[in-house]
Number of protein chains: 2
Amino acid sequence: MARIPAEQRRHALVQAALAVIYRDGVAAATTRTVVAEAGMSLASFHYVFDSRDELIREVIAAIVEDVEVAASLSLEPGRDIAETVRNGLRAYMLHVQADPMREVMLNELMNHALRDPELAHLPQIQYRIYRRTAATLLELAAAVSGVRWNRPMDEMAHLFATFTDGLSLTWLGDRDDEAAERTIELAALAVSVFAVPIEQPADPV
Amino acid sequence: MARIPAEQRRHALVQAALAVIYRDGVAAATTRTVVAEAGMSLASFHYVFDSRDELIREVIAAIVEDVEVAASLSLEPGRDIAETVRNGLRAYMLHVQADPMREVMLNELMNHALRDPELAHLPQIQYRIYRRTAATLLELAAAVSGVRWNRPMDEMAHLFATFTDGLSLTWLGDRDDEAAERTIELAALAVSVFAVPIEQPADPV
DNA sequence: GTCTATAAGGAGATAGAC
DNA sequence: GTCTATCTCCTTATAGAC
């Protein structure tokens, strides 16, 4: 076969591993299934990776770097904050429902990381990213709806990220579309307690 | 070795499997490690189980039946509803923090179930139990704090269960005790919008 | 650098003695 | 019913030709 730079080969193997894990789970991602997916020989694998463990670690690191959270708010001015938040949560939910196995895969890889002392720090990085994404979205939502949050932004972001986490995990378990929709509705209403009109510097709750 | 009834042997093997999975993950629960944990021979395993798959299925079914959710509310009358809910969420959080690997194990087993068509229905049962537990707790909390919920109980329960799910998963990932505490505080306050004093049949929001 | 061939061991499952 | 011994397959990883 062609002479491929080591870095490129590593990348191709990581991508192949992701495809296998997505399809059949982490356990199914043996060196053999991965090289088959990548169209390589087993020896080529060991030329660029010392071991299967090293591959899995690179897979998890790649996931952490690339987590693109479904972060499209339908930002229509004129909507009140509850409506804007609800629309954002709905968009997130649709993203999960459109590709459930992606979430299962992410959960599997996180569990794997949590059991490997060498990887245990990676989920923390990932959750930092989640939180920052949440913060950005919450700021946008507030701006569009003409409110501000009367709680520290990082607290609001953590609340929001926690809730979306629960939303996807619970739906993966119960597959109850309507319950998810109603829960989103309630959460959007509830979280609006922390929004105050941007004019008056109130201090409610 | 002693002559053990098949049912009892199956049970012992399921318990041994749980111990192994708790310690080292589902992947580590091979027939050999499990029988070693149970102090049996490999043949004894296959005398009562057709295959490893059957064992893992029984393990997951056992988990679903036995899920005892940490459901102790510190129910002190006189506390307002936000405080009561917050105390309940704190108790749940303490339970998770006291034994993180138990949660990791539950996540692993759920992921496993989600990938096995024969087991895919089990998480739904489990989540039905979660919801019913949540409903019971929310009713108790309301009673103790002299309020009622102005939303359907099953909606409130699903919201509550979703949030606790997110709480544990997020904490497993970020291990941020203080953020969890603040998120609990905010959630308890937010969810209180749906509580109305028990005297007046109001209809807010 | 990339390949085929193979070593070395772990896995699930069974045979057959007791 | 329970055991030891074994079959067969699959795994990770390496050797050595090209």
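Keep in mind it's a predicted model, so treat the numbers as computed, not measured. The sequence lines fix the lettering, A, B, ..., with proteins before strands; numbering per chain opens at 1.
- When heavy atoms are screened at a 4.0 angstrom cut-off, B:Ser44 is found touching the sugar-phosphate backbone but no base atom.
- Using a 3.5 Å distance cut-off with no hydrogens or angles, the side chains of B:Tyr130 and B:Asp165 do not pair a donor with an acceptor.
- Between the side chain of A:Ser192 and the backbone N or O of A:Ile81, no donor-acceptor pair lies under 3.5 Å.
- With 3.5 Å as the limit, one finds a donor-acceptor pair spanning the side chains of B:Asp174 and A:His158.
- Taking the side chain as every heavy atom from C-beta outward, A:Phe45 and A:Met40 never approach each other to under 4.5 Å.
- Following rounding to the nearest Å, A:Phe49 (CZ) and C:dG1 (P) show an atom-to-atom distance of 16 Å.
- Atom C1' of nucleotide D:dG1 and atom CD of B:Glu7 are separated by 15 Å, given to the nearest angstrom.
- For A:Glu76, the salt bridge (charged side-chain N to carboxylate O under 4.0 Å, His left out) partners two or more places apart in sequence, or in a different chain, are A:Arg79.
- Rounded to an integer number of Å, the gap from A:Ile56 CD1 to D:dA13 C1' is 16 Å.
- OP1 or OP2 of D:dT2 sits under 4.0 Å from a side-chain N or O of B:Arg9.
- Distance CG (A:Leu55) to P (D:dA13): 10 Å, rounded to an integer number of Å.
- Between B:Phe163 and A:Leu159 there is a side-chain heavy-atom pair separated by less than 4.5 Å.
- A:Ser41 comes within 4.0 angstrom of a base, heavy atoms only.
- Rounding to whole angstrom units, CD1 of residue B:Ile4 and P of D:dT2 are separated by 6 Å.
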Nucleotide by nucleotide, 5' to 3', does protein get under 4.0 Å of the base (B), only the sugar-phosphate (S), or neither (-) in nucleotides 13-18 of chain C, counting heavy atoms? BBB---

